[in-house]
Amino acid sequence: MNEGVVSHAYGADDPGLPSPPAVTGIRHTLREQSRNASANAEPRLGPTVPAAVRRWKLWLLTVCGIYPTIVLLGLATNPVLEDLYLPVRLAVLVPAAAAAMVWQINPRLQRHFGAWLTR
């Protein structure tokens with residue numbers, strides 16, 4: 001690359017702006033300060049990786065949460081959806097049940113049974 005283009009891009013032609021070597025020196029200083037700060041940082045307390053969840057326990061917890069959700073949604077929507085074919089009814093129930101599980105039921109179950117899940 002042409003030095004004239006580089007110096008012009010960094011504003012070396014303007015006496016009020018730093019030249020490329022000064023910019024490089026500033027970057028080097030900042031990089032060294034960052035390395036020193038991370039080297040002197042206090043070690044983190046506690047585990048950084050969460051404990052492994054037992055899959056069979058998570059499955060059991062999900063079954064215990066989704067069964068009543070589907071039953072209650074089915075009973076609540078039955079008067080409106082009873083004339084529709086089963087695949088159409090399920091196309092309405094499954095997204096509603098999945099949303100309830102993801103945003104409401106699973107977080108509460110996992111908060112309540114979190115210690116049991118990792119034992």
Side-chain angles (χ1 to χ4, degrees):
M1 189 178 251
N2 189 349
E3 286 184 21
V5 173
V6 172
S7 65
H8 180 66
Y10 280 99
D13 298 337
D14 187 353
L17 297 176
S19 63
V23 171
T24 305
I26 292 170
R27 285 186 187 150
H28 178 70
T29 303
L30 291 174
R31 203 173 289 133
E32 286 299 319
Q33 288 175 352
S34 174
R35 284 186 194 137
N36 291 339
S38 63
N40 295 332
E42 294 181 20
R44 292 183 182 161
L45 301 176
T48 57
V49 178
V53 174
R54 307 280 182 183
R55 288 192 184 266
W56 72 269
K57 291 181 179 182
L58 188 59
W59 171 83
L60 183 63
L61 201 61
T62 303
V63 168
C64 290
I66 203 155
Y67 178 75
T69 303
I70 290 175
V71 169
L72 291 174
L73 280 173
L75 291 173
T77 59
N78 193 34
V80 177
L81 303 177
E82 67 184 344
D83 295 336
L84 299 175
Y85 292 112
L86 180 63
V88 177
R89 278 188 282 175
L90 290 176
V92 173
L93 289 178
V94 169
M101 286 298 292
V102 168
W103 285 294
Q104 293 295 319
I105 298 165
N106 267 349
R108 292 176 185 183
L109 288 174
Q110 288 180 1
R111 196 174 318 125
H112 187 71
F113 293 102
W116 175 73
L117 286 170
T118 57
R119 270 190 263 166

> salt bridge (charged side-chain N to carboxylate O under 4.0 Å, His left out) with Glu82: which residues, sequence neighbours excluded?
Replying inline: none

> For the hydrophobic clusters of this structure (ILVMFWY residues joined by side-chain heavy atoms under 4.5 Å, transitively), does one cluster hold both Val88 and Val80?
Replying inline: yes

>> Are Leu60 and Phe113 connected into the same hydrophobic cluster when the rule is that any two of I, L, V, M, F, W, Y join if their side-chain heavy atoms are below 4.5 Å apart?
In response: yes

> Between Arg54 and Arg119, which heavy-atom pair has the shortest distance, and what is it?
Replying inline: NE-O, 3.0 Å

> Closest approach of Ala76 and Pro79, non-hydrogen atoms and distance?
Replying inline: O-CD, 3.7 Å

> If you group Ile, Leu, Val, Met, Phe, Trp and Tyr by side-chain heavy-atom gaps below 4.5 Å, do Met101 and Trp59 land in one group?
Replying inline: yes

>> To the closest 0.5 Å, what do you measure between CD1 (Ile66) and CG (Leu61)?
In response: 11.5 Å

> Got a sec, which hydrophobics cluster with Val71, joining ILVMFWY side chains under 4.5 Å apart, including via others?
Replying inline: Tyr67, Leu75

> Rounded to the nearest 0.5 Å, what separation is found between the OG1 atom of Thr69 and the CD1 atom of Ile105?
Replying inline: 3.0 Å

>> Do Val102 and Leu109 sit in one hydrophobic cluster, given that two such residues count as connected whenever their side-chain heavy atoms are within less than 4.5 Å of each other, even indirectly?
In response: no

>> Please report the interatomic distance CG(Leu117) to CZ(Arg111), rounded to the nearest 0.5 Å.
In response: 13.0 Å

>> What's the separation between atom CZ in Arg55 and atom OG1 in Thr62, rounded to the nearest 0.5 Å?
In response: 11.0 Å

> Heavy-atom distance under 4.5 Å between the side chains of Leu58 and Gln110, does that happen here?
Replying inline: yes

> For the residue pair Ala97 and Ile70, what are the closest heavy atoms and their distance?
Replying inline: CB-CG1, 4.1 Å

> What heavy-atom pair brings Leu84 and Arg89 nearest, and what distance separates the two atoms?
Replying inline: O-NE, 3.3 Å

> Going by heavy atoms in the side chains, are Arg108 and Gln104 under 4.5 Å from each other?
Replying inline: yes

